[in-house]
Amino acid sequence: MVAFTAPKGVPDQVPPRSAAFLAVRDAMVDQLRLAGYGALELPVFEDTALFARGVGETTDVVSKEMFTFTDRGGRSVTLRPEGTVGAVRAVLEAGLERGALPVKLWYDGPMFRYEHPQSGRQRQFTQVGAEALGTDDPALDAELVALADAAYRALGLTETVLHLNSLGDPQDRADYSARLRAWLEERVGGLDEETDRRIRLNPLRVLDDKRPEVRERTAGAPLLSDALSPEARSHHDAVRSHLDDAGVAYVDDPRLVRGLDYYRRTTFEFIHPLLGAQSTIGAGGRYDGLSEAIGGPPLPGVGWALGVDRTLLALEAEQVAPPAAAGCQVFFVPLGARAKATSFRLVTQLRRLGTAADLAYGDRGMKGAMKAADRSGAAYAVVLGDRDLEAGTVPVKDLRSGEQSAVPLDTLVNHVRELLR
RNA sequence: GUGGGUGUAGCUCAGCUGGUAGAGCACCGGGUUGUGAUCCCGGUUGUCGCGGGUUCGAGCCCCGUCACUCACCCCA
């Protein structure tokens, strides 16, 4: 036991799992690069008011899950609970919306929400995010969905299910909310205080309640998908048709609701059935009003965030081996001080040339050093002691076959690089 | 914020009706004065989460507390 532990809900990533963590992140980013998305580096904390306006005051994320503190200058700042709002702020600040459109961007990094940790949910978690701003072309919605789908496929996930819905335009949503509120008050009202409050403030979210007794009562609720304006309807149809053409499978989920206020029209979630309660491994949608909500010009946008931690859990649940990290290629086993100095020099030389090399540290014995060579995963071991240095040739051992040959010391570096070719 | 479960070695865990701490794996060393993954032998690691109580005696019983974990709400 050590004196300090990581703060509650804040994970460490250590080997060997950390390699898989990075591989998941990279697989997502690779897809975005293929599609012309540019990199965005964003601050980890922002003005608290930015999130309040952008994400929405009444959302759970803003009302009870933010890491908010006052800095030394008396300003209220908040560790970002999500990436989209900050990304849009950065685009507006840099004036990118006045350049070539659409602006397509990706970013990654830690997000923070003050929640009770459980499987698949931490207070600090990592997302890869993508945003496409400046046009309301439904093909962009489909592109983003297809890219997330491709990332999951590239990683080897086969059981992910894509849920798709449209929340309509603001007017559709307002009309529908009023109708749903009346319906819910009659059937679900009086169940408990929290639910009553939700019926008043954001009735759509009641449909997302997982409690069986609530599920039962909301079974016949009117659906938003039946209340879409002709414009929202045709946008949604276009998205679906692009996905069909691209061979991306999805499930129409008319009850899919998102917890962040800025979404409208397209919304989607990638759900993994083997994960337990926190089963959404990636999600997103269109947010055409967000820019205006934070004081910017009208600027349509669509985006998603994929959870790196949860995607890794999904890989583990499917027992898919994550891409292996590149390991050591040549391992040096020095016997004695002179040999160690020579080994160190050769290892450094090899590394400069791009060959992964390592050596046995700690002046351990032959047996221990060979064991370390074996564990390093290297294809070759170079064993050298004083008598080899005097002879001018050193034994190079093929660790798979066990065969060994003597190589002149002055050509060792090239010889080893030749062997590894 | 609410509820359930669990805290013993680096890891996974055993520990009987209370009698003073164990296994497997891992790690280190030796068997082989210079050759790994097998085998054999040996060795290291513990405030039994923490604090208090009951008892001649507590890993075990009681109270409190903290942490971890799963679930609700909500979300990636």
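To find a chain, count down the sequence lines: A is the first, B the second, and so on, and within it residues start at 1. The figures here come from the full heavy-atom set of this structure, side chains too, leaving out hydrogens, waters and symmetry mates.
P81(A) comes within 4.0 angstrom of no nucleic acid atom, judged by non-hydrogen atoms across all strands. Backbone-only engagement by I281(A) is indicated by non-hydrogen atom pairs under 4.0 Å involving sugar-phosphate atoms exclusively. Within 4.0 Å of R387(A), counting heavy atoms only, lies at least one base atom of the nucleic acid. Using a 4.0 Å heavy-atom cutoff across all strands shown, D388(A) reaches at least one base atom of the nucleic acid. Counting non-hydrogen atoms under 4.0 angstrom, K397(A) reaches a base of the nucleic acid. Q404(A) comes within 4.0 angstrom of a base, heavy atoms only. Using a 4.0 Å heavy-atom cutoff across all strands shown, R198(A) reaches sugar-phosphate atoms only and no base atom. Within the 4.0 angstrom heavy-atom criterion, no nucleotide atom of any strand lies near A373(A). Note on Q122(A): a base of the nucleic acid sits closer than 4.0 angstrom, heavy atoms only. Counting any heavy atom pair closer than 4.0 Å across all strands shown, R364(A) reaches sugar-phosphate atoms only and no base atom.
In terms of phosphate contacts, R205(A) brings no side-chain nitrogen or oxygen within less than 4.0 Å of OP1 or OP2 of C73(B). Residue R121(A) places none of its side-chain N or O atoms closer than 4.0 Å to OP1 or OP2 of A71(B). Taking 4.0 angstrom as the limit, S119(A) places a side-chain polar atom (N or O) nearer than this to OP1 or OP2 of C70(B). Under 4.0 angstrom from either OP1 or OP2 of C72(B) there lies at least one side-chain N or O belonging to Q118(A).
Side-chain atoms of K367(A) and base atoms of U35(B) include no donor and acceptor less than 3.5 Å apart. Donor-acceptor pairing under 3.5 Å, judged by distance alone, is absent between the side chain of R113(A) and the base of C74(B).
Only the C1' atoms considered, U47(B) is 12 Å distant from U8(B), to the nearest whole Å. Spacing of P atoms, A67(B) relative to A26(B), comes out at 34 Å, to the nearest Å. The gap from the C1' atom of G52(B) to that of A9(B) amounts to 27 Å, rounded to the nearest Å.
In this model, a donor atom of one side chain and an acceptor atom of the other lie less than 3.5 Å apart for E318(A) and T158(A).
Aromatic rings of Y380(A) and F331(A) (six-membered ring for Trp) have centroids beyond the 6.0 Å cut-off, not under it.
Between Y114(A) and R123(A) there is a side-chain heavy-atom pair separated by less than 4.5 Å. Counting only heavy atoms from C-beta outward, the side chains of R181(A) and L204(A) never approach each other to under 4.5 Å.
Of all nucleotides present, only G43(B) satisfies the Watson-Crick or G-U wobble test against C27(B), with each distance under 3.5 Å. Look at G22(B): its Watson-Crick or wobble partner, with both distances under 3.5 angstrom, is C13(B). Base pairing annotation: G3(B) forms a Watson-Crick or G-U wobble pair with C70(B), both donor-acceptor distances under 3.5 Å. Taking a pair to require two hydrogen-bonding distances under 3.5 Å in either a Watson-Crick or a G-U wobble arrangement, G34(B) remains unpaired.
For R310(A), whose side chain is taken as the heavy atoms from C-beta onward, the closest listed nucleotide among G36(B), C73(B), A76(B) is A76(B). In the set C73(B), C70(B), A76(B), the nucleotide with an atom closest to the side chain of K64(A) is C73(B). Listed nucleotides C74(B), A37(B), C68(B) differ in distance to E115(A); the shortest reach to its side chain belongs to C74(B). Taking the side chain of L399(A) as heavy atoms from C-beta on, and the options G36(B), C27(B), U35(B), the nearest nucleotide is G36(B). Side chain of F125(A), nearest nucleotide from A76(B), C27(B), G34(B): A76(B).
Whole-Å rounding puts the L335(A) CG to U35(B) P distance at 10 Å. If you take CZ of R375(A) and P of A26(B), they are 10 Å apart, rounded to a whole angstrom.
Taking the centre and axis of the six-membered ring of F67(A), the NZ or CZ atom of R113(A) falls outside the cone set by 45° and 6.0 Å.
Just one of H242(A), R240(A), H235(A), H236(A) meets the side chain to side chain donor-acceptor pair (under 3.5 Å) condition when paired with D141(A); it is H235(A).
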